[in-house]
Amino acid sequence: MPQTGWPWSSARMTQSSDDRRADGGAVRDPGEPVGLPVSADDAALVSACVAGHRAAFDVIVERHQRAVYQICYRFAGNHADASDLAQDAFVRAYRALPGFKGDAALGTWLHRIAVNVGLNHVAKRKAPVEPLETTEHVDAGAERPDAKVMRAQRERAVRAAIARLPPKQRATLLLRVYRDLPHDEIARILGSSVGSVKANFFHALNNLRRLLRDEPLR
Amino acid sequence: MSHLSRDRLLDAAERGGTPEDAAHLASCARCRTEVEGLQKVLADIRGVEMPEPSPLFWEHLSGRVRAAIATDPAFDVPPGGIRSWRWARPVLVATAVAIVALIVGRAMVPRPGADRLQPARAAAMPENSSVNPGNELVTDDGWQLIVDVAGASDWQAIAADGDLHPGSSEMAVSELSADEQRELVRLLNEELTAAAAPGRARKGDV
């Protein structure tokens, strides 16, 4: 493995004490890789990785793992499955990296892989599984117990309704609402048109309204 | 009265819409009800929390990915590396082409000098040495023939089915390990013996 002398060796990737990059002083976001040279954009990392510098893929993972995990979580509904799916997505990405031509941003490409992994996961799963965390992570001190229970029930109902959406509507909804992506970006990820994305989003919202009122899907 | 289109209803529900749309919503109960319904379900969806994993989880996840790649035999070397599956495909194709070409050639073309060549090959390859017990590379005539045939293969035709390039065949056969070379020679021996006259099996004849 030709990593000797690689500019992003482990020593260079050590987190600085104040989480600031020496070149621009930008504050590092949690989960973002550390100690990278300013030239380490995604394209450079991909080239380095394909050239045999596996450490560069570590940086890619660190840079995009939060987004990939969040997509996977929204499909899986629980942390354990989301972790497995995120790992699977990155392994698939590593396998396919030589074929990445850079036509889209690396983030878009990874989103697409994560969405496909998520869709495959829900296709294999016969019935939606309620996440164990549904009633966790709620600030109990700020909420009355009965309100907390009602909110948990509502969340569970919404999750179950989302899980019943057709795959494209579900993927569109998750990317739009939880990733806050613009329609054209979602279209690139899903390999469809902007018009199709808007239509799927609209139908997803209306189907959810019906499902939450116990009406059949249209 | 015309009503707001689907896209404008969505825009109004998500971002409030244009001033014209807002004016329309103020006077159109049907569109207003539609937008309020969309806003309500959007609020419900956004209200579903996603628990934030432990800060340690991110290091854990990248470590899992690293370990999965490191332990997967498909990733002996990185994606662009010499022994990735991308490279292995030409090896398999070149080997298959070489074997097929030799078998067809031997079966179809008369070989008046074949018997004359046999003593020389027999001398080059000891008795029962179709599998070379040593660990060095196979260097007999049989192996050289495989290299020659692979080098003369129609790479345009082969490339149409895969990600190949000129020189791949030479690289394919030359990159095989000694064991792989010996196995290829052994397979060729078997096939060529069967393709020649039945009952004329000759050890070491390639």
Side-chain angles (χ1 to χ4, degrees), chain A residues 1-2 30-31 33 49-54 56-58 61-62 65-66 68-70 73-74 79 82-84 86-91 93-99 131 133-134 136-138 151 154-159 161-162 173-174 176-178 195 198-199 201-202 205-206 208-209 212, chain B residues 4-15 33-89 163:
Chain A
M1 179 67 54
C49 187
V50 172
H53 301 286
R54 197 176 286 174
F57 193 71
D58 292 344
V61 172
E62 290 171 19
Q65 63 184 354
R66 184 178 293 272
V68 167
Y69 170 83
Q70 287 175 350
Y73 184 92
R74 292 300 183 183
H79 175 70
S83 303
D84 291 345
Q87 176 187 323
D88 186 26
F90 278 117
V91 171
Y94 185 82
R95 191 179 296 146
L97 208 53
E133 295 88 344
T134 298
E136 295 175 357
H137 304 280
V138 177
R151 192 162 70 85
R154 185 66 179 171
E155 283 192 10
R156 189 179 296 115
V158 172
R159 270 190 235 266
I162 292 173
L173 181 89
L174 299 182
R176 180 68 178 168
V177 177
Y178 294 126
K198 287 181 177 177
F201 186 44
F202 186 78
L205 292 177
N206 277 317
L208 281 180
R209 289 169 68 185
L212 293 171
Chain B
L4 295 183
S5 66
R6 182 195 66 201
D7 288 358
R8 289 169 72 184
L9 285 171
L10 267 182
D11 187 54
E14 287 193 286
R15 293 178 173 78
T33 303
E34 186 74 14
V35 168
E36 286 171 355
L38 292 173
Q39 287 174 330
K40 171 74 170 59
V41 75
L42 274 170
D44 281 341
I45 299 166
R46 292 190 175 115
V48 177
E49 293 185 349
M50 195 195 86
E52 175 68 15
S54 153
L56 295 175
F57 168 72
W58 302 115
E59 182 60 33
H60 171 68
L61 177 59
S62 56
R64 279 181 60 179
V65 173
R66 198 179 304 120
I69 291 172
T71 56
D72 190 328
F75 301 133
D76 279 350
V77 280
I82 192 72
R83 284 198 178 275
S84 68
W85 289 113
R86 191 181 174 86
W87 176 88
R89 190 171 181 183
D163 186 10

The interface call for B/Asp44 against chain A, heavy-atom contacts under 4.5 Å, is both

Fill in: Student check: side-chain heavy atoms of A/Phe90 and B/Ser62 closer than 4.5 Å
no

So CZ of B/Arg64 and CG of A/Asp88: to nearest 0.5 Å the spacing works out to 10.0 Å

Here the gap from B/Arg66 atom CZ to A/Glu62 atom CD, rounded to the nearest 0.5 Å, amounts to 7.0 Å

Given B/Pro55, B/Gly37, B/Ala13, the one with more heavy-atom pairs under 4.5 angstrom with chain A than any other is B/Gly37

Within-4.5 Å side-chain heavy-atom neighbours: A/Arg74 and B/Val48
yes

Minimal heavy-atom distance between A/Ala199 and B/Arg6, with the atoms involved, is CB-NH1, 3.3 Å

Note: B/Gly47 and A/Arg151 closest approach over all heavy atoms is O-NH1, 4.2 Å

Minimal heavy-atom distance between B/Leu61 and A/Ser83, with the atoms involved, is CD1-O, 3.9 Å

When rounded to the nearest 0.5 Å, the distance separating CE of B/Met50 from CD of A/Glu155 is 12.5 Å

If you tally heavy-atom pairs under 4.5 Å between each of B/Leu10, B/Ile45, B/Val65 and chain A, the highest tally belongs to B/Ile45

Separation between CZ (A/Phe201) and CG (B/Leu38), nearest 0.5 Å, reads 8.5 Å

Rounding to 0.5 Å, atoms CG (A/Asn206) and CG (B/Leu9) come to a distance of 9.0 Å

Scanning both residues in full, the closest heavy-atom pair of B/Glu34 with A/Phe202 reads OE2-CZ, 3.8 Å

Problem set entry | A/Gln65 side chain reached by B/Glu59 side chain, heavy atoms, under 4.5 Å | no

Rounded to the nearest 0.5 angstrom, the CG-NZ distance for B/Asp11 and A/Lys198 is 8.0 Å

